[in-house]
Amino acid sequence: MQATTSSSLASRDNSQQPLWQTIATFTLVFWMGSSLLLDLVIMPSLYTAGMMTEPGFATAGYSIFWLFNRIELVCAATVLTGLLWVRTNRDLFSQRGYASVLLSAGLLAIAFLYTYGLTPQMSALGIQLNLFESVVEIPNTMNQLHISYWVLETVKLTLGGALLNLFQRNQV
């Protein structure tokens, strides 16, 4: 009876490992695809439509990024959880396993930086407090925050691509 129970538990664990890896892979693909859609389609179209010069753009931008940042946090946590679950029956600190967990933790850290650092700061700088001022100037600090955003976005997409490469090679 004991041997049957342990063999059924082992087979159940092996059957769930691909499930968690599949969940982590689809979550990562959804997240990276959504980021590219936001960065390459939505924000440039809002910029070319002249929405960035509108007085309510900071509020609208904050609303968009507030929601997206929370989705990013959930995606990052799901990917990290999936990786840790897959690694439970393997050596977590093997070279490939360690790299995948570090990549995933880096993605979670970037999501935290966006959610609790960059987005609130950018929104605070963009809010127009003087309703009688007709000319809206973009503060110099905002340009520095945009550069920070694009650097982090490049790092995020690179880490996500490296993690997807590990998933594809099934070396997680």
Side-chain angles (χ1 to χ4, degrees), residues 12-47 52 57-127 141-172:
R12 188 179 70 190
D13 287 342
N14 288 337
S15 68
Q16 286 186 0
Q17 283 180 1
L19 174 67
W20 271 104
Q21 186 169 341
T22 303
I23 289 170
T25 303
F26 281 127
T27 302
L28 192 59
V29 167
F30 167 75
W31 180 16
M32 295 300 123
S34 299
S35 290
L36 288 171
L37 179 70
L38 185 70
D39 292 339
L40 301 177
V41 177
I42 294 172
M43 292 313 289
S45 64
L46 290 176
Y47 181 75
M52 289 187 82
F57 181 75
T59 306
Y62 183 73
S63 298
I64 291 169
F65 280 101
W66 185 92
L67 178 63
F68 188 72
N69 290 151
R70 273 44 180 200
I71 291 170
E72 281 190 309
L73 283 174
V74 170
C75 289
T78 302
V79 170
L80 182 59
T81 302
L83 280 173
L84 291 173
W85 182 258
V86 168
R87 300 300 307 162
T88 55
N89 290 334
R90 299 179 189 172
D91 183 17
L92 179 62
F93 296 105
S94 68
Q95 185 176 1
R96 290 181 184 143
Y98 189 66
S100 63
V101 170
L102 281 179
L103 291 172
S104 182
L107 288 171
L108 183 61
I110 290 172
F112 271 111
L113 281 172
Y114 282 158
T115 305
Y116 300 111
L118 278 177
T119 301
Q121 251 185 330
M122 290 172 91
S123 176
L125 281 175
I127 291 178
T141 314
M142 181 69 88
N143 291 331
Q144 293 169 353
L145 291 174
H146 280 135
I147 290 169
S148 299
Y149 171 81
W150 285 109
V151 167
L152 282 174
E153 193 68 11
T154 303
V155 170
K156 178 180 81 173
L157 292 172
T158 302
L159 292 177
L163 199 53
L164 281 172
N165 187 29
L166 286 174
F167 283 151
Q168 187 268 332
R169 292 198 274 157
N170 200 14
Q171 294 178 348
V172 173

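Closest heavy-atom contact between Gln21 and Val86: N-CG2, 3.7 Å. Residues Ala24 and Val79 share a closest heavy-atom pair of O-CG2, 3.7 Å.
Every ring-ring contact (aromatic ring centres under 6.0 Å, His included) that Phe112 has, sequence neighbours left out, goes to Tyr116. By the ring-ring contact (aromatic ring centres under 6.0 Å, His included) test, Phe30 is found to be paired with no residue, residues two or more places apart in sequence or in another chain being considered. The ring-ring contact (aromatic ring centres under 6.0 Å, His included) check on Tyr114 picks up Tyr149, with sequence neighbours excluded. Not counting sequence neighbours, Thr27 has no partner by the side chain to side chain donor-acceptor pair (under 3.5 Å) test. Qualifying side chain to side chain contact (heavy atoms under 4.5 Å, CB included) partners for Val155, counting only residues two or more places apart in sequence or in other chains: Ile110, Leu159.
Note that CG of Leu103 is 9.0 Å distant from CG of Leu83, once rounded to the nearest 0.5 Å. We find the CG-CG distance between Leu80 and Leu28 to be 11.5 Å, quoted to the nearest 0.5 Å. Atom CG of residue Leu118 and atom CD of residue Glu153 lie 10.5 Å apart, to the nearest 0.5 angstrom. Once rounded to the nearest 0.5 Å, the distance linking CE of Met122 with CD of Gln144 reads 11.5 Å. Distance check: Leu157 CG to Leu107 CG gives 9.0 Å after rounding to the nearest 0.5 Å. Interatomic distance, Asn165 CG to Ser100 OG, rounded to the nearest 0.5 Å: 12.0 Å.
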With side chain to side chain contact (heavy atoms under 4.5 Å, CB included) as the test, would you mind laying out the steps for Ile71 and Ser34 before giving the verdict? CA-CA 10 Å; Ile71 291 170; Ser34 299; over 6 Å; no
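Under the side-chain hydrogen bond (donor to acceptor under 3.5 Å, both in side chains) criterion, the residue pairs touching residues 63-72 are Trp31-Glu72, Asn69-Glu72, Asn69-Thr119, Glu72-Lys156, with sequence neighbours excluded.
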